[in-house]
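Below is one structure, written out as structure tokens; comments come after it.
Quantities reported herein were computed from a predicted structural model and do not represent experimental measurements. Worth knowing before you read on, the calculation uses all heavy atoms, side chains too, and leaves out hydrogens, waters and symmetry mates. Proteins get letters first, then strands, A, B, ... in listed order; numbering begins at 1 in each.
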Amino acid sequence: MPGDIILKMENITKRFPGVLANDHINFDLREGEVHALVGENGAGKSTLMKILYGLYHPDEGTIYIKVDGELKPVKFKNPQDAIKHGIGMVHQHFMLVYGLTTIENIILGYEPSAVIDFDTAKKEIQKIMDESGLHVPLDVDVEVLSVGQQQRVEILKVLYRKAKILILDEPTAVLTPQETDELFNIINRLKEQGHSIIFISHKLHEVMAIADRISVMRKGRLVHTMPKSEATKEKIAELMVGHPVLLDVPRPNVTPGETILEVENLTVESDTKGVMAVDNVSFYIRAGEIYGIAGVEGNGQAELIEAIYGLRPPKGGKITIKGEDITGKPTHVIRKKGVSHIPGDRHKFGVFLPFTLADNSILGHHREENFAKYGIFRKFSNIAQWAREIIKKFDVRTPSEKVPMSALSGGNQQKFVVGREISFEHELMIAAHPTRGVDIGAMEFIYRQLFEEKKQKKAILLVSADLDELLLLSDRIGVMFKGKIIKELDNTSRQVTPKEVGYYMLGGDVEIHEDSDIAGGEQSA
Amino acid sequence: MWQTIWFIIRSTIISSAPIGYAALGGVFNERSGVVNIALEGILLVSSFGYVAGAFFGHSAWWGLFWGIMAGLLLSLIHAVATVTFKINHIVSGVALNTIAIGVTRMLSLVMFGQETQSKTNSYTQIFGMDIQWLVALMLFLVIAPLSYWLLFKTSLGLRLRSVGENPEAADSLGISVEKMRYTGVLIGGVIASLGGIALYPTIWQSGISGGRGFIGLASMILGNWMPIRSVLASTMFGFADAIRLLDFVKAYIPDEFLTALPYVLVLVVLAGLIGKARPPRADGVPYVRGE
Amino acid sequence: GQSQTSNQNSGGQASGEPKLKVGVVFDIGGRGDKSFNDSAYRGLVKAAKELGGYIKDDPDNVNYGTNIEMKYLEPKQGGSDREQLLRKLAENGYDLVIGVGFAFTDAIKNVAKDFPNVHFAIIDSCYSPDEHPANVTCLLFKEQEGSFLVGAIAGYKTETNKIGFIGGMDIPLIRKFMVGYEAGAMYVNPELRKDGAIMTAFVSDDPGQAWNNPPKGKEIAISQYDQGADIIYHAAGGTGMGVFEAALEKNKWAIGVDSDQGLILATSDQEKDREMAKHIITSMLKRVDTAVYTIIKEMYDNGKVDAKVMEFGLKENGVGYAYNDYNKDLLDPIKPQVDELKQKIINGEIKVPATDDELQQFKASLGQ
Amino acid sequence: MPKKKTNNIKYFLLSLVAPVVGILISAILLFFLILLIRKGSISDTIHAFYIMGQTLTSTQDLGYIIARAEPLVISGIAAAIAFRAGVFNIGTEGQYYIGGLVASIYAIYFSFKSPSLHWLNVIFVVIFAMLGGALWALIPAILKVKKGVHEVITTIMMNQIAYTTAKYFVNGPLSGVKGGESLEPKTMNFPAAVDFHRLYDIFHGHFPFPKYIPLYESLFIAAIIVFVAYIIIFYTNWGFEIEMLGTNPNATKYSGVPPKVVVFNAMLWSGAIAGLINIQEIFGIKGYYTHHMTSGLGFDGIAVALIGYNNPIGVVLAAFLFGFLRTAGYNLQFELGIPNSTMDLITGFIIIVMVIASVAMNRYISKLRRKEVLSEAGDR
Ligand SMILES: Nc1ncnc2c1ncn2[C@@H]1O[C@H](COP(=O)(O)OP(=O)(O)OP(=O)(O)O)[C@@H](O)[C@H]1O
Ligand SMILES: Nc1ncnc2c1ncn2[C@@H]1O[C@H](COP(=O)(O)OP(=O)(O)OP(=O)(O)O)[C@@H](O)[C@H]1O
Ligand SMILES: [Mg+2]
Ligand SMILES: [Mg+2]
């Protein structure tokens with residue numbers, strides 16, 4: 001079915017300060033195929049695609065595009081050049097302009113004429129919507145559209161530009177299963193109409209379901225390209241991380257102690273007013289226990305953590321730590337009650353990049369007597385001493401505690417954050433995606449640290465998009481779907497299968513096809 | 001009675017025009033994502049540019065040309081500083097306002113031999129019409145509707161607004177954020193320059209802009225960054241300025257109240273007590289690709 | 001007065017040390033306002049001519065000898081540095097330092113305290129006797145007297161029996177102009193004693209907006225003309241240019257202030273100025289130049305002046321009305337009457353009111 | 001900062017590049033401006049620069065430089081405190097109008113009349129000025145924290161309202177204009193026990209500057225502010241939390257430091273210090289309040305803060321640069337008839353050039369740092 005090669009990327013290399021994001025990459029695309037690109041966070045997928053789309057310029061390498069039946073080398077100065085060559089991209093983060101209407105967003109940058117004839121444009125878009133099955137209201141501010149609708153606008157933007165090559169960068173990360181199904185239908189339809197699609201995802205079952213060919217990236221290199229017929233999930237996963245997957249860190253046997261965290265009937269509002277991100281959720285965690293929260297991203301996990309951690313006032317319900325009510329208390333009080341938190345996005349929430357490691361080592365506890373006289377005058381030597389201990393204990397690679405955090409590699413930054421949060425006195429550890437973007441070695445190290453925590457009789461709330469990680473670490477798993485914990489699974493002897501969790505992640509009432517492995521997880525580690 | 005009404009109307013138009021032009025200039029600047037408090041300075045230099053241009057060029061056309069050039073030049077510096085070099089927009093604006101005061105006074109001394117005011121300029125007519133009135137009426141009849149059309153009905157306007165709301169998205173569509181911001185600042189500069197010309201084409205005096213640029217900013221906010229609404233808001237200030245001279249107003253309303261009213265109104269609106277004002281999302285935020 | 005430091009004058013004037021150094025700080029309007037500050041400037045020119053001096057760093061290079069060095073400075077926009085400029089002059093060995101305008105009241109008092117050896121003069125303002133510094137001379141004018149005469153001219157000349165007045169700021173000083181003008185007009189023209197026959201307005205309460213606001217001046221003038229006035233007298237400094245422009249546009253009359261504005265404009269190299277001049281009947285002359293010249297001469301002759309109050313009225317030729325080649329034809333028919341009024345004021349037969357209360361009494365004494 | 005860093009000296013020298021470049025470029029511009037004003041006379045232009053140089057050698061001028069730098073130091077610190085927290089308080093302009101006004105009301109109505117209690121009056125003047133400034137920062141602070149309204153817009157509005165408010169009080173309730181006396185709008189004079197003493201009088205003979213240089217007790221206040229600000233910024237958790245917020249608001253929140261509280265406090269303290277900006281002129285030079293005092297000190301302070309890298313020491317240096325420019329400007333105006341506005345132009349120009357240069361340098365420095373540390377760590 002797929003035709004000739006219409007796009008070839010040869011020896012593409014791209015460096016960022018301190019990172020070799022793309023390392024001599026060769027990649028091609030055939031007419032009418034879906035070519036999936038997979039790899040861990042930070043493997044360089046988005047970078048490669050941004051180069052193809054003219055947003056970044058490669059340090060080395062050439063792009064060839066089929067023009068008039070012949071592959072010709074091209075240089076894209078900017079996205080406009082790429083668009084002219086029939087390339088369209090739907091970004092990992094939506095590139096919609098809130099404040100403009102849907103139709104304005106669709107035609108933006110590709111307006112039919114200097115003075116816009118909205119009626120004609122509308123007719124044209126209507127035609128594309130009918131052909132592709134992507135329907136959205138045109139005259140409203142895009143801001144009010146649902147996530148799924150916004151993504152349709154993104155695809156419409158690309159189609160409106162008459163793109164033959166579509167780049168979809170993690171299009172399913174934000175979608176519900178139904179929306180994903182719908183998207184796949186659309187992709188198939190586009191394929192039939194002769195479009196070629198580059199599809200990026202971490203979810204192996206999706207890749208297996210939709211792709212014709214699969215390329216795997218690891219640490220900036222494209223390690224292998226294969227047709228679907230040759231691919232298995234295990235093979236892809238191994239290629240992604242570089243060795244056989246399923247880390248096995250022995251789980252310590254700990255008898256759970258008293259209840260540390262108790263959440264009762266918790267309800268939390270999302271950023272959109274009136275919509276409950278967390279809906280009547282109850283669970284508890286005991287000392288020496290790891291409680292995992294599974295779920296497709298965007299089902300209320302983030303808001304649940306924010307509520308427990310005091311960043312988002314709950315609408316209803318009760319949160320107690322060791323019997324003490326902390327509902328609605330501010331973060332610093334909650335931290336004092338013995339809560340530590342490894343945030344999901346370290347750059348955004350976990351560290352201050354320009355600050356030194358020393359300053360980063362005391363965040364949230366900087367007012368304690370050990371670090372500040374009367375809670376005010378900072379004790380620099382104590383702080384430095386403290387930071388050096390973390391660096392030593394958690395094997396953070398750095399010349400000293402005096403360098404700015406930005407100078408460390410991501411994995412080391414993460415180790416530092418984990419170390420810091422573990423080092424503070426605490427009863428409860430909230431760990432959100434604790435191994436996101438770190439390499440295998442660091443990952444194992446962090447697992448061991450969390451088990452160490454468990455041995456120390458801490459309660460651990462683990463949220464992760466990585467199912468294998470959840471199954472490996474958690475004693476019990478609560479599956480969140482649309483703000484509710486729809487199922488709690490006992491995993492004390494690792495009896496839960498990915499399939500089981502996956503079933504509930506989709507709401508528990510979806511039929512599972514034999515060949516579509518929804519339980520693939522985001523990142524097979 | 002009818003004379004009073006007539007006076008109020010004409011005085012409102014004349015007093016509103018510089019404010020309205022400044023407000024419109026502000027709309028173009030901020031819609032593209034650049035905060036420009038140098039509007040005050042633009043009024044000042046364009047007023048000087050007109051008078052000097054007409055005086056030495058012996059024609060109102062030269063005045064128009066140099067008035068706009070002067071405002072354009074100041075805007076260009078703002079664009080270079082904020083868009084190319086990405087320095088803080090307010091700092092650039094503050095510095096440019098200082099520069100505007102300095103440069104006009106200095107040039108006045110060099111060109112007219114006196115620092116605080118120009119000589120009288122005789123060339124204030126275009127097509128047999130008084131240029132002050134012509135420019136003032138143009139605001140309401142032509143420039144404001146044209147601005148609306150430009151911003152909302154043309155591709156240029158669409159692109160301009162997109163970089164003020166989400167430059168990253170615009171960039172991803174191949175729209176040059178820098179180019180668009182330059183366009184916004186420069187178009188805004190030309191428009192605000194007309195305000196300087198509407199100020200007083202006969203004589204330039206140091207301090208003649210008298211804070212109208214700042215009132216223009218207030219109008220822009222009250223007009224919710226919409227062209228026509230901003231101009232309408234400016235007529236409210238023009239009206240307040242017109243009636244403050246009337247004896248019966250003076251008798252009942254303290255002058256300070258009328259002066260402060262516009263600014264208080266802006267605060268009230270911003271507090272969400274009346275209506276709702278929302279600046280463009282990327283207003284005043286420098287854009288660096290790949291953040 | 002002794003020089004404290006001796007900074008060399010680098011302005012290019014040659015030869016010996018001057019006998020007297022006079023410094024002047026203008027008010028915000030600055031040189032070229034064709035009004036108040038320009039009048040003070042003419043005082044310097046006159047002193048240079050009569051006493052053989054020069055003005056340092058002057059664009060017009062006024063230079064008649066080296067007896068007196070004169071120098072003027074202009075404050076920056078807003079005028080907040082008046083005091084700094086006075087100090088600069090005092091520090092640099094100027095013997096007499098003059099502040100042109102009431103806005104210098106406090107600045108002069110402060111600086112005078114620090115430089116007891118320098119003599120200061122202030123125009124248009126003074127201090128209560130207990131606060132009057134020993135080295136400050138006040139130069140005051142009876143503006144009401146001059147205004148009375150131009151008011152009378154307006155009273156004679158009006159055809160609509162409606163006239164107007166525009167003041168820069170509503171302060172007692174400007175009210176002196178207004179009240180004198182009203183009194184003169186009412187005195188000669190009973191029609192103007194009616195309510196509403198004389199329209200009055202002030203430009204602004206904000207000094208930054210009062211004296212250099214020709215757009216506003218023009219607006220107010222047009223409004224008064226539209227309401228029937230055919231003559232408007234302004235006492236609003238630079239704002240007055242707007243009044244003249246309105247007169248030109250509406251083909252009505254205006255009366256200037258401080259300088260002989262009609263003459264200045266009529267002899268300007270700008271056509272528009274000359275056009276406007278044709279609409280200026282006369283000007284109320286406030287001889288700041290006389291005052292400035294007088295104090296410089298006294299200082300030059302005696303080497304000192306006393307801390308006194310000098311008042312310039314009609315008698316002292318300190319105020320008056322402008323009669324020149326350009327308005328001569330207009331004024332000649334009524335000149336005898338006006339000069340007679342002048343004589344009466346000098347004799348004390350007419351006592352010109354200076355405040356609102358006095359004006360009410362004056363009006364009552366006229367009857368009707 | 002007190003923390004030692006690798007290659008401290010190199011980075012310190014690099015951070016000086018921006019000011020030096022700014023001054024050099026501006027000096028070139030000034031050269032041509034003077035050439036223009038002096039109608040092409042090179043010798044006059046060179047003489048002008050000589051005069052500027054002399055400004056630094058004359059004790060009298062040094063005194064003026066200090067006096068003129070003093071309000072800018074306070075203004076710069078006020079602005080810097082907010083900037084460090086990522087808050088753009090451009091309302092310092094209005095805050096000092098109101099700070100001065102409130103302190104003046106104290107001085108006129110509530111002050112101690114006995115000269116022996118002068119020092120108490122000074123303390124109360126400081127307190128009330130700070131209260132006034134903080135009061136004026138309160139509305140923008142509340143609007144920012146509660147409604148998310150950007151402080152730049154609100155503070156511009158508050159600046160305009162401040163001037164009008166001051167004018168209202170000066171012309172109305174506090175009016176001190178008596179018939180026959182000054183017609184300049186101003187309040188009643190302060191009691192003698194309030195007026196700040198001249199440093200010359202305090203130190204009698206042991207004072208290097210002439211008596212008439214306007215240096216008052218307020219210089220101590222400025223010095224105290226610099227010292228305290230330095231300690232707070234670099235040695236206390238208040239400064240640390242402000243720095244956190246200015247660097248990464250999200251991570252600040254996650255660290256349990258409530259951003260709104262920090263913003264609010266930074267804004268109020270910035271306003272409180274801003275309230276003191278012009279006490280030198282009000283309580284020293286004038287002895288009464290008027291809305292016609294020196295304006296623009298708030299805006300100048302913003303520039304001073306930015307040029308001084310929001311560091312109290314940098315602020316002092318930048319304020320002295322401004323003080324020098326002003327003083328040299330008066331000398332040029334006086335000696336050569338070069339209008340003071342030329343210095344306005346140059347000041348504005350220096351601000352833009354220096355800020356551009358420092359933005360560029362900062363980028364370069366952090367790049368350099370990262371490279372260095374990475375190679376040191378042997379990690380990629
Ligand atoms: N603009 C940039 N500046 C510096 N480094 C960058 C930039 N963009 C990406 N990187 C780095 O390049 C590497 C590859 O990033 P990229 O976004 O391509 O990864 P990815 O495979 O798309 O990951 P993810 O699955 O998380 O989206 C990462 O180490 C990233 O931190
Ligand atoms: N968008 C970006 N802009 C600037 N720098 C970035 C960006 N993204 C990542 N970086 C920098 O690139 C570095 C690499 O980030 P990343 O999270 O991919 O870790 P890594 O290089 O893969 O580290 P490790 O080898 O420990 O896994 C980080 O230290 C970060 O400072
Ligand atoms: Mg990516
Ligand atoms: Mg990585």
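- Both the backbone and the side chain of Leu89(C) come within contact range of chain D, each with at least one heavy atom under 4.5 Å from a heavy atom of that chain.
- Of the two parts of Glu74(C), only the backbone, made up of N, CA, C and O, holds a non-hydrogen atom closer than 4.5 Å to a non-hydrogen atom of chain D.
- Between Lys71(C) and Asp58(C) no salt bridge is recorded (no basic side-chain N to carboxylate O distance below 4.0 Å).
- For chain D, no part of Lys113(C) is nearby; none of its heavy atoms comes within less than 4.5 Å.
- For a residue to count as touching a neighbouring chain, one of its non-hydrogen atoms must lie under 4.5 Å from one of that chain's; by this rule Ser341(D) does not touch chain C.
- The side-chain heavy atoms of Glu217(D) and Phe196(D), taken from C-beta on, include a pair separated by under 4.5 Å.
- Here the options are Phe177(C), Phe312(C), Tyr181(C), the test is side chain to side chain contact (heavy atoms under 4.5 Å, CB included), and the partner is Glu143(C); only Phe177(C) passes.
- Between chain D and the options Asn110(C), Leu140(C), Asp81(C), the largest number of non-hydrogen pairs under 4.5 Å is found for Asp81(C).
- Gln333(D) is linked by a side chain to side chain donor-acceptor pair (under 3.5 Å) to Asn340(D), counting only residues two or more places apart in sequence or in another chain.
- Looking at residues two or more places apart in sequence or on another chain, you find no side chain to side chain donor-acceptor pair (under 3.5 Å) involving Lys351(C).
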